[in-house]
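Reviewing the structure listed below.
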Amino acid sequence: MEPPAATSPGPAGPASLRRPATAPGATAPTQAGAVPTTHPVIDIENLDFYYGASQALHDISLSIDHHRVTAFIGPSGCGKSTLLRCLNRMNDLIDGTRVGRGRIRVHGVDINQPDVDVIELRKRVGMVFQKSNPFPKSIYENITYGLRLQGVKDKARLDEVVERSLRGAALWEEVKDRLHESGLGLSGGQQQRLCIARAIAVEPEVILMDEPCSALDPVATAKVEELIQDLRSKYCIVIVTHNMQQAARCSDRTAFFYLGRLIEYADTRDIFTNPANPQTEAYVSGRFG
Amino acid sequence: MPPAESAAAPAVEFAIQKRRVRFLGLTLDECIKLFFGGNAVVSIVVLTLITYFLFREGAGFFGQNRVNLQVYRQAGLEYVDYLRRQADDHTALTRYLADVRLRTVQHHTRTSGKSLEEANAALTEFDVYVERYSAAIDPLRTMVGELSEVASAIKTKFIVNEDKKEERRQLLAEGKMAEAARVAIDRVDFEAELRPIRAGFPAYRTLNRELSSTLTQLAGNIPALPVPELQQRMERFAVLSREYVGTFPEIERSLESWDHNAPISASQAFSSFLFGRQWLTASFWQDWYGIIPLLIGSLLVSLVALALAVPLGVGAAIYVNQIATPLEQKLIKPCIEFISAIPSVVLGFFGIAVLGQLLRNLSQSPALAWVPGFPYSERLNILTAGCLLALIAVPTIFTLAEDALNNVPRAFKEASFALGASRLQTTMRIIVPASLSGIISAVLLGLGRVIGETMVVLLCAGNRIAIPDFTQGFAFIVEPVHTMTGIIAQEMGEVVRGSIHYRALFVVGLVLFLLSLLINFGAQKIVRRYRISVG
Ligand SMILES: Nc1ncnc2c1ncn2[C@@H]1O[C@H](COP(=O)(O)OP(=O)(O)OP(=O)(O)O)[C@@H](O)[C@H]1O
Ligand SMILES: [Mg+2]
C-alpha cells in the first residue's frame, strides 16, 4: 500500500467512520445502523449532460444518502462541478446546456421535468461555491437574504435565524459584534463560512459544496471541515474536493470521476484503502493526473 | 566548413541592418512612438489652449460690465428705472383686474347663460373701476417718458465721447498727432446733466401722494362681483394694491438718497452676471447680462430630458443585460446605439416638424387635460426640447449602465439564484444595487452630454429669454426658454469682437465648461468608489 493512501485515512478514520465503524459494511443499507438513519435523497440514473455539442457527463448513475457526506473526486475537468450543478439546476444559467439521456430524482421527483419549480428546488438544495461570494451587503443582510426572498419580514425571526445560522457555521463568536458591517470585510475563511451560514439559513435538505476550501489556509480549512462534520447530522452534504486527505477525513462515501464518467463509488474507507478500480487506486495514491 | 559558416554569419547580420527603414534618422519604432506620443501631447495642449482662451476672453467681461453698470448709474438710468418699476408694478395689478374680468365674463356666459353683450353690460360698474384704476398711473408714466429721454441723451453723449476717445487713441497709435488733436472731446459733466432729472423730484412727490390716495381709496371700494370665488379674488386684489402703495415711501427714500457717483464694486459686476435675472442685449435703454434665465433654461431642459431618459436607458439596460434572449440582445443593442448616430440637427429638424406639432395636438386632447400646463399653444418649449434631448441621452445612459450591470461579478448572481431567488429578485436586489454607482455615473454622464447639446435646444426650446413661471407648478415645462448653449450659438456670430456682449458669451461658455467638468468629475468620483467597494 502506498504511504499517502495508507496514512491519509488514518487520522480521518476515527472522525468520518466513527459511527459506521460498529457495522463496517460496504453498502448504504448497512450504514443505516448509524445514529442518524439514512435513506437516499438523490438518485441519478444514466445521466448524460452536454455543454452545447460537447458531452461533459457520460452515463452517470449514483445515489446520495441523507445524513452522509458524499465526496466527488477526480482530476480537473472530469465533470465534478458539472454534476454538482446539475443537482440544483444551476447549469440552467449557462446558455446551451442540456441534459440528454437520464434522470436526476430528488425524493423521487425528476427535477428536470418542465413542471418542476426551480426556485423551490434551489431552496431545498443549497449550494456553497468554490470562491466565497458574499453579497456586497452587511453580514446580517447576507444571511437573511434567502428568507427575505421568501417574504419573511418578522425581525425577531430573522434575528434568531441569523444567530442560529452563524452559530451553525461556527462564525457567531467572531462576528456577533459586527453584524451590520459589510460581508466583504471578513477574511477569506470567514467569508466562506458566511456563505455556508447563508446557505443553511434557508434550511435546505441538501448542501452542495464545490471545493469550499480551495482558497483557504489550513486553519480555516480545518474549521470548515469540522463544520461539515457537525452539519452532517442535519443535512445531506455533497462536497467536491481536490484534496485527498480532506475527502478521506470528512466524507462517508466517495465517488471517483474520470473524463466525465463515474469510475468508482463506494465507502470512503474502501476507496482509499481498497479501491476496486486500478484508475482509482492510481489517482488516490497520487500516481496520476 | 566551420570557416565558411562563420563568414556567412556576419554577412547576414549586415544585410538585416541595411534593410532597417529610417525616416529622418528615426527607426520605425521611434516613429510610432513619436506619432502616438505626439497625439497625446496635442490633445493635452489643445485642452490647455481652450481653457486658457476661454479664461482670457471671458475675464475682460467683468471690467467691462462694471463700466456698463457705472454708466447706467451715472447717466441716471438707474434713477429712472426706480420710477419705471413702480409704473410696471401698477400695470401688473391692472392685468390682475383684466384677469378677474375675464373670469367674470366666463361665469356669466357659461354658468348664468347670458349672452356676451349682457355679460359686458353687467360689468359696467367694474369697467369704470378698472378705468379709474389704470388712469391713475398716467401722470407717472408721462414723467417716466420724459425722464427716460433725458437719461438716454446723457448716456448717448457719454458713449459718443467714448467712441471719440477710442478714435483718438487709434490715431495716436498710428502716429497721426495732428488728426488726433483735432478730435474734440467734451467732458460729460454728469452732475450738471442730471440736474433736470433731479429737479423733477418735488413734482414726483406730489404726484406720488395723489396716486397713493387714489389707489387707497379705490382699494377700499372694490366693486361687488356675483360669486364668492370672484369676490375673494377682488379682496386679494385690494390687499395687493395696499401692499403696492405701501412700497411708495421706500421708493421715495431710495430716490432721495440716490447718488450717481456711488461706485460700483467689482463684486457687483460679478453678481449682476451670476445672479442677474435678465439677459437683455442690444437694447436702447440698458443691456443686462444675467446668466440665470439661461442657466435655468439649460437645467430645466436637461432635467426633463433626464426624467425621460433615465427610466428608458436604465430600463433598457436592465432588460438587455438580465432578461433579453441573445437574439433580442443582438437586435436591441445596435438599435439604441444607432440613435446616437443621428445628427443632432436632424433631430432638431424632426422636433420642429413633427414632435412639436404632435405634442401640441396631444395636449389639446381632453383626455390629457390633467397634465400640468396642458393644453398649450407654444409648439417649441421645454417639453419638446427635453423629449429630443432624452433621445440623445438614452444611448449614453444605456451603454454605460449596461457596462455597469455587466461588471457585477457573476458570482453574486449565482449565489442569489442558488438561494432560490427568481430572476427579477436577483436583478432588483443584487445586480442593480451592486451596480448602482455605475448607473448613477452613467446618468451623470448623460446629463453632461445633454447640457452641452446645442443644436436641438437652439431649434426646439423656443428661444425666449425669460425665467419660466414656477407659480403654476409643473406647468412650466411647456414654456419656451433659452439655454446657455443656444445663446452662444445664436449670438456669437453677430457680436463685435472684444465687445462686452462678446465677452459675456465667453463667460457663459466658461460656466458651461465648468459645469460639464464638475459633472464629469462627479461621475468619475462615483465610479472610483464603486470599484473599491466591489473589488
Ligand atoms: N460553461 C462551460 N461551457 C462549456 N464547457 C464547459 C463549461 N464548464 C465546463 N465545461 C467543460 O465540461 C467539462 C467538465 O468541467 P467541470 O467544470 O465540471 O470540471 P471539474 O471536474 O469541476 O474540474 P475542476 O476540478 O478543474 O473544477 C470540462 O471539459 C469543461 O471544459
Ligand atoms: Mg470544478
Side-chain angles (χ1 to χ4, degrees), chain A residues 81 84-85 87-96 117-138 141-151 165 182-185 191-192 194-204 206-210 215, chain B residues 314 318-333 401-442 525-535:
Chain A
S81 300
L84 199 69
R85 292 166 60 91
L87 300 183
N88 65 348
R89 286 185 50 186
M90 285 302 280
N91 283 325
D92 290 10
L93 302 182
I94 301 170
D95 290 324
D117 183 358
V118 195
I119 290 173
E120 206 49 48
L121 171 71
R122 290 185 189 142
K123 277 185 214 160
R124 308 276 291 269
V125 184
M127 189 162 202
V128 175
F129 297 82
Q130 172 172 6
K131 198 168 160 289
S132 65
N133 53 0
F135 299 126
K137 297 170 180 277
S138 71
E141 285 173 57
N142 259 289
I143 293 179
T144 54
Y145 181 78
L147 286 178
R148 281 184 206 268
L149 289 179
Q150 298 169 21
S165 313
S182 170
L184 295 169
Q191 286 191 13
Q192 192 61 293
L194 175 62
C195 292
I196 295 175
R198 183 175 67 183
I200 60 182
V202 291
E203 302 192 327
V206 182
I207 302 180
L208 310 173
M209 298 186 176
D210 193 350
Chain B
V314 176
I318 290 176
Y319 181 79
V320 165
N321 192 269
Q322 296 297 321
I323 303 166
T325 63
L327 182 73
E328 282 175 318
Q329 281 186 8
K330 254 185 225 154
L331 225 92
I332 298 173
K333 261 178 140 175
E402 219 254 333
D403 276 358
L405 290 170
N406 240 343
N407 280 339
V408 175
R410 202 188 150 74
F412 291 167
K413 194 170 160 178
E414 292 206 328
S416 171
F417 278 119
L419 286 166
S422 67
R423 198 193 282 274
L424 186 71
Q425 286 170 325
T426 304
T427 305
M428 287 306 157
R429 296 182 188 221
I430 299 295
I431 312 261
V432 171
S435 58
L436 197 61
S437 13
I439 292 176
I440 291 174
S441 78
K525 259 252 139 80
I526 290 174
V527 168
R528 208 164 302 141
R529 238 189 47 200
Y530 157 79
R531 286 221 183 97
I532 290 166
S533 80
V534 165

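Since the model is a prediction, treat every value here as computed from it, not as a measurement. Below, each value reflects all heavy atoms present in this structure, side chains not excepted, and no hydrogens, waters or symmetry copies. Order of the sequence lines sets the chain letters (A, B, ...), proteins ahead of strands, with each chain counted from 1.
Each of B:E414, B:K413, B:Q425 has some count of heavy-atom pairs under 4.5 Å with chain A, and the biggest count is that of B:E414. Residue with the most contacts toward chain B among A:Q150, A:R148, A:M127, A:K131: A:R148 (heavy-atom pairs, distance under 4.5 Å).
Qualifying side chain to side chain contact (heavy atoms under 4.5 Å, CB included) partners for A:S81, counting only residues two or more places apart in sequence or in other chains: A:D210.
Across all their heavy atoms, B:R429 and A:L149 have their closest contact at CD-CD2, 3.8 Å. When all heavy atoms are compared, the tightest approach of A:P134 to B:F412 is O-CE2, 3.2 Å. Among all heavy-atom pairs drawn from A:I119 and B:G420, the shortest one is CG2-O, 3.1 Å. Nearest heavy atoms, B:R410 versus A:I94: NH2-CG1, 3.9 Å. Here the closest heavy-atom approach between residue B:A415 and residue A:N133 is recorded as CB-ND2, 3.4 Å.
Here the OG1 atom belonging to B:T325 is positioned 9.5 Å from the CG atom belonging to A:D95, to the nearest 0.5 angstrom.
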Q: Walk me through it: do B:I430 and A:Y145 pass the test side chain to side chain contact (heavy atoms under 4.5 Å, CB included)?
A: CA-CA 10 Å; B:I430 299 295; A:Y145 181 78; 3.2 Å; yes
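A:R124 does not touch chain B: none of its heavy atoms, backbone or side chain, sits under 4.5 Å away. Neither the backbone nor the side chain of B:R423 comes within contact range of chain A; no heavy atoms are under 4.5 Å apart. There is no contact between A:P204 and chain B, counting heavy-atom distances below 4.5 Å.
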